[in-house]
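Chain naming here is simple, since letters A, B, ... match the order of the sequence lines and numbering starts at 1 in each. Values below: all heavy atoms of this structure, side chains included; hydrogens, waters and symmetry mates excluded. What you see is a predicted model, and the numbers here were worked out from it, not measured in a lab.
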Number of protein chains: 2
Amino acid sequence: MTRTRAVTISRVAEAAGVSVATVSRVMNGSATVAPQLAERVREAAARLGYRPNASAQGLARGRTGMIGVLLPDLANPYFHEVMKGLTAEAVADGYHTLVAASDEVPEDEGSLAHELLRQTDGLVLCSSRMPRHDLSEVLDAGRPVVSVNRQVSGLALPAVTVDSHAGMLAVCGHLARQGHRQVTYLSGPPLSWSHRERRRALSESSAFGIDPQTVDCGSTMDDGYRATDAALERRPTAIIAFNDIVAFGALARLRERGVAVPDEVSIAGFDDIAFAAYASPALTTVRNPKEQLGRHAWRMLTRLFKGERGLEPQVLVPELVVRDSTGPAPAAIATPRLQGPSARAAGRPSVRSPRGEATSS
Amino acid sequence: MTRTRAVTISRVAEAAGVSVATVSRVMNGSATVAPQLAERVREAAARLGYRPNASAQGLARGRTGMIGVLLPDLANPYFHEVMKGLTAEAVADGYHTLVAASDEVPEDEGSLAHELLRQTDGLVLCSSRMPRHDLSEVLDAGRPVVSVNRQVSGLALPAVTVDSHAGMLAVCGHLARQGHRQVTYLSGPPLSWSHRERRRALSESSAFGIDPQTVDCGSTMDDGYRATDAALERRPTAIIAFNDIVAFGALARLRERGVAVPDEVSIAGFDDIAFAAYASPALTTVRNPKEQLGRHAWRMLTRLFKGERGLEPQVLVPELVVRDSTGPAPAAIATPRLQGPSARAAGRPSVRSPRGEATSS
DNA sequence: TTGAAAGCGCTAACAA
DNA sequence: TTGTTAGCGCTTTCAA
């Protein structure tokens with residue numbers, strides 16, 4: 001009922017019998033305050049329950065202590081793992097994170113980005129599908145912006161990415177060695193940089209003897225579920241999904257249709273989200289160093305804060321994780337297996353990463 | 001390189017040849033500005049790329065346009081769905097969301113809550129495990145706070161919850177009708193309100209002829225995976241998991257140990273996250289109206305903003321969703337099934353919710 | 001080592 | 001209808 005006026009710095013100053021400047025110094029850990037005065041101030045602040053007003057601090061300091069993160073889809077656990085790495089670093093440096101999702105509507109990204117920048121000290125664009133023009137407009141504001149999972153040539157946009165191209169080659173190589181030739185790719189959002197890289201690699205996979213097909217899909221479980229029928233029409237012995245949640249959807253549809261995985265059709269995803277190891281069968285996937293990606297993004301941002309420019313793009317290395325959803329192609333099943341079933345059944349949802357199959361750029 | 005000074009309101013005023021007050025009026029849609037003047041201002045603002053400084057607005061207006069959300073675990077998709085509902089409403093009202101996670105460390109919640117409140121206009125505590133004392137300290141700040149998934153008697157804390165007690169009774173009833181007696185519950189975080197409600201209902205389930213056991217578990221997939229061996233030692237015919245991701249972990253372990261689901265052991269979860277329908281077998285669960293929960297939370301918060309007090313708690317109704325992970329108890333398998341397998345195999349990962357099994361408070 | 005005071009960019013009386 | 005100006009709460013010179 002009683003609308004108590006908030007406790008401000010001057011209240012504390014009053015209570016401690018000092019000036020606001022002194023209170024400010026104490027709260028910010030300035031060394032130039034007499035110990036007992038500082039103690040008196042701290043005592044008063046604690047007693048009154050003083051919490052500095054963030055807006056006022058932001059205005060006076062010229063920085064908010066927040067950064068913005070824009071991502072396409074809050075429902076994909078992939079992004080939480082990136083956020084986890086990013087937030088861990090940011091919090092350690094006293095920063096908070098303001099998140100917004102474009103819900104896979106590339107046209108909305110521009111205004112969301114501006115809105116985030118308006119309230120923060122810098123921005124991380126994660127797997128952005130923003131049209132190039134909008135992107136350069138965002139950069140024109142001259143504020144610190146870092147891109148994750150997208151490289152853009154010709155724009156001064158520091159980026160940290162994972163070598164999606166190499167990742168796709170690794171899966172294709174793995175499948176080829178298992179005797180697969182007919183491979184169908186459930187494609188991701190058309191404007192996704194990772195998707196484009198994967199597609200590029202896919203078309204090169206004919207060098208492995210693979211005959212790739214593509215089916216339009218998307219990035220959600222439902223997309224995967226729905227695209228699976230079309231994929232099966234191509235009569236593939238293996239399906240590669242744009243990401244793990246798409247693979248999840250596909251897996252569900254395959255089960256429903258009574259298609260045995262991996263005996264009839266193998267399936268692989270990308271990212272290695274936590275659910276992948278718990279899928280049935282456990283999902284073969286290309287691990288993406290998600291937390292690292294987030295950490296690197298933060299470090300880049302801090303370098304921008306310090307005024308550094310022209311930062312080199314960072315490229316992280318993905319890693320093929322072979323689990324139970326991929327196996328020999330049906331035609332090849334009579335020939336000796338490259339990898340016995342005993343090796344795959346052992347232990348808990350295994351996260352084995354055969355060094356020989358790890359990829360690099 | 002060139003650190004351009006930010007475009008401020010006075011820059012725009014200058015450029016448009018008007019006072020800052022007029023610019024402010026135009027930007028905030030005040031009707032009392034001559035149309036052509038307004039146009040001139042808008043043009044100047046657009047040309048200069050003016051974006052109001054959020055800190056300055058926050059300070060002048062006495063509100064930030066942000067609300068805080070505190071939740072225990074960013075890795076659980078459950079919370080994203082709650083966030084989705086919450087954010088949708090908040091954004092529609094011009095608000096943004098600042099999220100923090102306690103990572104299941106109840107002792108950290110207090111300071112996180114204060115930190116969020118410091119930067120926002122109100123706070124949503126989601127599935128809070130905060131010790132009561134810390135909670136009342138947070139409320140003492142006199143700022144708008146709403147609780148989701150937790151009711152606290154004796155504190156003026158408006159809450160919107162789901163009837164977890166009824167949800168648990170619904171699962172137990174379902175299992176009892178399938179002939180289950182030996183049921184093991186993989187318990188949630190000890191301080192979770194939902195967990196406590198479920199546990200209370202569980203102990204009442206002996207009325208259905210159920211003999212409940214409890215195994216300490218937690219709230220993550222890994223917790224579920226690890227607790228499953230201990231659960232099996234109780235020789236249950238059915239396992240109830242604290243939530244769906246715990247059930248996912250348990251499912252993986254059961255598969256590994258060659259325990260057939262649901263033929264040997266049935267398993268059910270809570271929440272009905274998106275992954276549940278795609279699990280193998282598709283997971284029987286108690287659906288939680290996640291988005292609604294978020295929407296209600298926002299509405300409560302807005303009522304607090306308007307100065308309303310003493311808001312009645314809102315209790316939403318969960319709904320049992322029977323899928324393929326539960327079936328007749330092994331001993332009862334010889335007797336006629338209550339629900340034939342044909343009914344469960346049909347269609348896509350089915351989200352059937354037999355009205356007769358829907359629960360209410 | 002401390003205090004006075006000038007902003008930070010914006011909003012909202014109040015005057016004109 | 002428009003402009004002037006006093007804050008909003010805090011930081012940070014600059015003096016003392």
- Between the two end axes of the helix from C:dT1-D:dA16 to C:dA16-D:dT1, each built from 5 base pairs, what angle do you get to the nearest 10°?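 It works out to 40° between the end axes.
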- Query: Can we say B:Arg11 and B:Glu14 salt-bridge, meaning some charged N sits less than 4.0 Å from an Asp/Glu carboxylate O?
  - Reply: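 B:Glu14 and B:Arg11: not salt-bridged.
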- N-O pairing of B:Lys84 and B:Glu81 below 4.0 Å: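 A salt bridge is absent here (no side-chain N lies under 4.0 Å from a carboxylate O).
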Roughly, in whole Å, what's the span from [atom1] in [X] to [atom2] in [N]?
X        : N      : atom1 : atom2 : value
A:Tyr50  : D:dG9  : OH    : C1'   : 7 Å
B:Arg51  : C:dG9  : CZ    : P     : 17 Å
A:Asp121 : C:dC8  : CG    : C1'   : 14 Å
A:Ile9   : C:dA4  : CD1   : P     : 14 Å
A:Met27  : D:dG9  : CE    : P     : 16 Å
B:Arg11  : C:dC8  : CZ    : P     : 11 Å
A:Glu14  : D:dC10 : CD    : P     : 13 Å
B:Gln36  : D:dT2  : CD    : C1'   : 13 Å

- Contact list for DNA chain D against residues 52-68 of chain B - heavy-atom distance below 4.0 Å: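 Correct list: B:Leu59, B:Ala60.
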- Only pairs at least two apart or in different chains count here, so list each ring-ring contact (aromatic ring centres under 6.0 Å, His included) that has a residue in residues 64-105 of chain A.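 Listed once each, the pairs are A:His80-B:His80, A:Tyr95-A:Trp298, A:Tyr95-A:Phe305.
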- For A:Val23, report the nucleic acid contact type (base, sugar-phosphate, nothing); a contact means any heavy atom under 4.0 Å.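 Nothing, no heavy atom under 4.0 Å.
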How far apart are the closest heavy atoms of [X] and [Y], and which atoms are they?
X        : Y        : answer
B:Thr97  : A:Leu98  : O-CD1, 3.2 Å
B:Ala113 : B:Leu125 : CB-CD2, 4.5 Å
A:Ala15  : A:Arg47  : CB-NH2, 4.3 Å
B:Leu112 : B:Ala100 : CD2-CB, 4.4 Å

- Message: So B:Glu109 and B:Ser128, do their side chains get closer than 4.5 Å, heavy atoms only?
- Response: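 They are in contact (side-chain heavy atoms under 4.5 Å apart), so the answer is yes.
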- Item | Residue pairs involving residues 50-60 of chain A (criterion side-chain hydrogen bond (donor to acceptor under 3.5 Å, both in side chains); sequence neighbours excluded) |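 Sorted result for residues 50-60 of chain A: A:Arg51-B:His114, A:Gln57-B:Arg118.
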N/O to N/O distances under 3.5 Å, protein versus nucleotides 3-5 of chain D:
residue, atom, partner, partner atom, Å
D:dG3, OP2, B:Ser19, N, 3.0
D:dG3, OP2, B:Ser19, OG, 3.1
D:dG3, OP2, B:Thr22, OG1, 2.6
D:dG3, N7, B:Arg25, NH1, 3.3
D:dG3, N7, B:Arg25, NH2, 3.3
D:dG3, O6, B:Arg25, NH2, 2.4

- Item | Any residue meeting salt bridge (charged side-chain N to carboxylate O under 4.0 Å, His left out) with A:Glu104, in chain and number order, not counting sequence neighbours |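 Result, salt bridge (charged side-chain N to carboxylate O under 4.0 Å, His left out) vs A:Glu104: A:Arg129.
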- Item | Side chains of A:Asp121 and A:Thr64, donor plus acceptor under 3.5 Å |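 There is such a pair (donor and acceptor under 3.5 Å, judged by atom type) between the side chains of A:Asp121 and A:Thr64.
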- Message: With a cut-off of less than 4.0 Å, is there a side-chain N or O of B:Ser24 near OP1 or OP2 of C:dT11?
- Response: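 Answer yes for this pair, as a side-chain N or O of B:Ser24 is under 4.0 Å from OP1 or OP2.
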